[in-house]
Amino acid sequence: MANISSLGIGSGVLTSDLVDQLVQAERGPTENRLTQKTEQTQALISAYGQLRSAITELRLPMRQLSAPDNLKAFSANSSNEDIAVSVDSTNASRGTYSVEVTSLAGAQALASRDVFADRDSTSVGQGTLTLKVGDKTTNLTIDSSNDTLQGLANAINDSGSGVSAGVIDTGSGFQLVLSADETGTANSVSISVSGDNVGTETDNQGLSRFAFNSGMDADSGLKETIAATDAVMKINGVEVTRSTNSFEDVIDGLTFDISGTGTSIVKVEQDFGAVADRVQGFVSNFNALQSTIDSLAGFNAESGRGSLLTGDSTIRGIQNQLRQILTRVVPGLENANVRSLADVGITTNFETGGLEFDRAKFETQLKNNPDDVTALFAEQGRATDSQVEFVRSGINTEPGTYGINVTQAATQGRLVAGSALADGITIDGTNDELTLRVDGETSVSLTLTQQTYASAQDLVNEIQSQLDSSNALNAAGSSVLVGLDGSGNLSFSSAKYGSESAVSLTSSESAITFGLDTATATAGLDIAGTIGGRTAEGDGQVLFLGNGNGGASGLQVRVLGDQIGSRGSITFVEGVAERTVNLVSSFVGADGAIESRTESLNRDLEQIQQQQLRLEERIAAYRERLVSQFTAADSLISQLNSTQDYVSQQLAALAPQNNRNNN
């Protein structure tokens, strides 16, 4: 291509500036149109982003209100600051309680009776120390590498045994001090010695100077300086004991944290204002959404001008669907005392489109009609059978009434002895250990107290006590009930229901003692039946339907008791909050209206970019064509100019000769 800087040399007219002007004239209209379209599309994407944000903000308060427990709130106050109380705002019960704390939980502390001359060089003896804290046992080897008072303390601290150790300089020598890491009598420490290289293992010489048994404190190598204690308090006269100074689940929804003894009056009251605050959060966020919609899609009647999204079908669809939910009578509540948001003081301002909230009216309705207000906002299942409980719904569950029929009741796994448990059984070192496996995964080892049990029931009580305090069961969230069946046979029942429920005997020093040598183990069964006439699946006591089962799809109910046949019906009510959460999720979800519109606009931007690329290619070709044409024309003009100059010179040369000839 010819150098554009040489244009115009021949003509003085077909210059590079002229090419630029012609190119700009060709580019301008299309470029302006694409620029305007880009700006408009980007503005629309931004507008939908604002709309998405405002709608998403609406989801949080409605999600809170969609949970039935969040329609309850309680507050608790204690008259004594040393007896602090905190409340689970959803699971507490109203009431006034008289509380008296008589003892605080404390950790056991021990100290060596002997005083040692040096902490780092004086030998303490070698052998094995066995520390037992609760049901945890730890063995420590003391040898030449740690045969000092400080070495012993370090070994204990590094063992993770549940005991901490230190060395105190008394001024006249050094003493070892020990303390349990946890409070309570269940975490008391006992220490035994084996393989003592000095004297015997019980003569308080060598390593046995650090043995301790609470039952023989006076003869132990260590002395108890602080006894382990449990926290004890009385609630309305009923004594309760815990190993720590925190009492949980003594009263549903309450936790007591005690720091001193004394008495207190604890009042638990329903906090209607806290629930009203949650509703106010929804109203405020809805009004913020309405303001956003007004700014994006409003119309100014005075100026006759609309906003960016005025008349947009997506916004109109969102507004219409939200209004339908917020102004309707909730299906299933047609005959209830509370049927719609207006009944609890939430009304629409038809001038602004926003909501107005009458807190006093709401709190009154919540106090007088708590179940109806809960159903108004949250999902709820109302069963005609008191032993049928609503568990949850699915995304496809439709409001309606569905019959419940049980063909097989859920059962618990059991282990039943083959012979009756006798009175007067003596438990000693030959028969005091039992190991059970519970629910197929938890191993529970029991060491029964060695004594003679006057009655079979006394032995049952001892076994039950051991199971109730089992750390393995507590950690697994399991429990086992022990009893005597109609024949007096020992029986173990898992607290769990269903096919995963089971109790089996793993080992026993003398199974015949308990009649367990001929025991029968029976696994639990899952419930079976129908919901709304559709065959349901069972999981323990929970009966549920999967998707594709009509309006009851996703519905789950828990059926208690062992009655089979018809168990009445359950009416599923989908409240305003639950419905709104689902609607908002559909708006902002991957396949929602806003996402679809945004994706469409992003595709428009990509097309505009492609059009811009094609424009640049067309303009480059156009410029190249102009330069080529101008170069050719300029060359021709240059040739013509040269011819003109030649002819002019020839004519000028002929002029004098003609003049002479004429003379």
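For the numbers below, each heavy atom of this structure counts, side chains included, while hydrogens, waters and symmetry mates do not. What you are looking at is a predicted structure, and each value in this text was computed from that prediction instead of being measured.
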Considering non-hydrogen atoms only, spot the tightest contact between [X] and [Y] and give its length.
{"X": "Ala378", "Y": "Ala67", "result": "CB-C, 4.0 Å"}
{"X": "Val391", "Y": "Val557", "result": "CG2-C, 3.8 Å"}
{"X": "Leu434", "Y": "Ser508", "result": "CD2-OG, 3.2 Å"}
{"X": "Val193", "Y": "Ala211", "result": "CG2-CB, 4.1 Å"}
{"X": "Ile564", "Y": "Ala409", "result": "CG2-N, 3.9 Å"}
{"X": "Thr411", "Y": "Leu525", "result": "OG1-N, 2.8 Å"}

Pairwise side-chain contact, [X] with [Y], heavy-atom cut-off 4.5 Å (strictly under):
{"X": "Thr261", "Y": "Thr102", "result": "no"}
{"X": "Asp143", "Y": "Asp147", "result": "no"}
{"X": "Ile463", "Y": "Leu490", "result": "yes"}
{"X": "Phe514", "Y": "Ile425", "result": "no"}
{"X": "Leu484", "Y": "Val460", "result": "yes"}
{"X": "Thr130", "Y": "Thr137", "result": "yes"}
{"X": "Ile265", "Y": "Thr96", "result": "yes"}
{"X": "Thr442", "Y": "Leu473", "result": "yes"}

Over 12 foreign heavy atoms within 6.0 Å of [atom1], [X]:
{"X": "Glu500", "atom1": "CD", "result": "no"}
{"X": "Arg558", "atom1": "CZ", "result": "no"}
{"X": "Glu182", "atom1": "CD", "result": "no"}
{"X": "Asp562", "atom1": "CG", "result": "no"}
{"X": "Asp120", "atom1": "CG", "result": "yes"}

Rounded at 0.5 Å granularity, tell me how far [atom1] in [X] sits from [atom2] in [Y].
{"X": "Leu516", "Y": "Leu421", "atom1": "CG", "atom2": "CG", "value": "8.5 Å"}
{"X": "Phe116", "Y": "Gln150", "atom1": "CZ", "atom2": "CD", "value": "13.0 Å"}
{"X": "Asn405", "Y": "Ile531", "atom1": "CG", "atom2": "CD1", "value": "11.0 Å"}
{"X": "Ser478", "Y": "Lys496", "atom1": "OG", "atom2": "NZ", "value": "6.5 Å"}
{"X": "Ser246", "Y": "Phe256", "atom1": "OG", "atom2": "CZ", "value": "10.5 Å"}
{"X": "Gln387", "Y": "Gln563", "atom1": "CD", "atom2": "CD", "value": "7.5 Å"}

Counting only N and O atoms by type, is there a donor-acceptor contact under 3.5 Å from the side chain of [X] to the main-chain atoms of [Y]?
{"X": "Asp196", "Y": "Leu207", "result": "yes"}
{"X": "Ser264", "Y": "Ser79", "result": "yes"}
{"X": "Gln466", "Y": "Thr447", "result": "yes"}
{"X": "Asn187", "Y": "Thr183", "result": "yes"}
{"X": "Ser465", "Y": "Glu462", "result": "no"}
{"X": "Ser487", "Y": "Asn489", "result": "no"}
{"X": "Ser159", "Y": "Ile156", "result": "yes"}
{"X": "Asn70", "Y": "Gln64", "result": "yes"}
{"X": "Asn157", "Y": "Ser164", "result": "no"}
{"X": "Ser188", "Y": "Thr185", "result": "yes"}

Using distance alone, with no hydrogens and no angle criterion, decide if [X] and [Y] have a side-chain donor and acceptor under 3.5 Å apart.
{"X": "Glu379", "Y": "Ser393", "value": "yes"}
{"X": "Asn80", "Y": "Ser78", "value": "no"}
{"X": "Asn213", "Y": "Ser190", "value": "no"}
{"X": "Asp432", "Y": "Gln450", "value": "yes"}
{"X": "Asn236", "Y": "Ser98", "value": "no"}
{"X": "Asp230", "Y": "Ser243", "value": "no"}
{"X": "Thr435", "Y": "Ser507", "value": "yes"}
{"X": "Thr426", "Y": "Thr452", "value": "yes"}

Set out, in order, the CA-CA distance, both residues' side-chain angles and the distance that settles side chain to side chain donor-acceptor pair (under 3.5 Å) for Asp439 and Ser494, then state yes or no. CA-CA 7 Å; Asp439 299 337; Ser494 168; 2.7 Å; yes
Given Gln412 and Arg414, is the side chain to side chain donor-acceptor pair (under 3.5 Å) satisfied, shown in steps? CA-CA 6 Å; Gln412 298 160 284; Arg414 298 186 68 197; over 6 Å; no
Val115 vs Phe174, test: side chain to side chain contact (heavy atoms under 4.5 Å, CB included). Steps then yes/no. CA-CA 5 Å; Val115 178; Phe174 298 89; 5.7 Å; no
Side chain to side chain contact (heavy atoms under 4.5 Å, CB included), that's the test. Do Leu110 and Thr225 meet it? Break it down for me. CA-CA 5 Å; Leu110 308 172; Thr225 54; 5.6 Å; no
Test side chain to side chain donor-acceptor pair (under 3.5 Å) on Asp458 and Ser455 and set out the steps. CA-CA 5 Å; Asp458 288 342; Ser455 68; 3.2 Å; yes
Under the side chain to side chain contact (heavy atoms under 4.5 Å, CB included) criterion, do Ile404 and Ile570 qualify, and how do the steps go? CA-CA 7 Å; Ile404 306 295; Ile570 187 165; 3.9 Å; yes
Give the intermediate values and the outcome of side chain to side chain donor-acceptor pair (under 3.5 Å) for residues Thr128 and Asn139. CA-CA 7 Å; Thr128 300; Asn139 294 315; over 6 Å; no
Taking it one step at a time, do Val124 and Thr148 satisfy side chain to side chain contact (heavy atoms under 4.5 Å, CB included)? CA-CA 5 Å; Val124 297; Thr148 64; 5.5 Å; no
Hey, are Arg567 and Asp385 close enough for a salt bridge, meaning a charged N less than 4.0 Å from a carboxylate O?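 Answer for the salt bridge query: yes.
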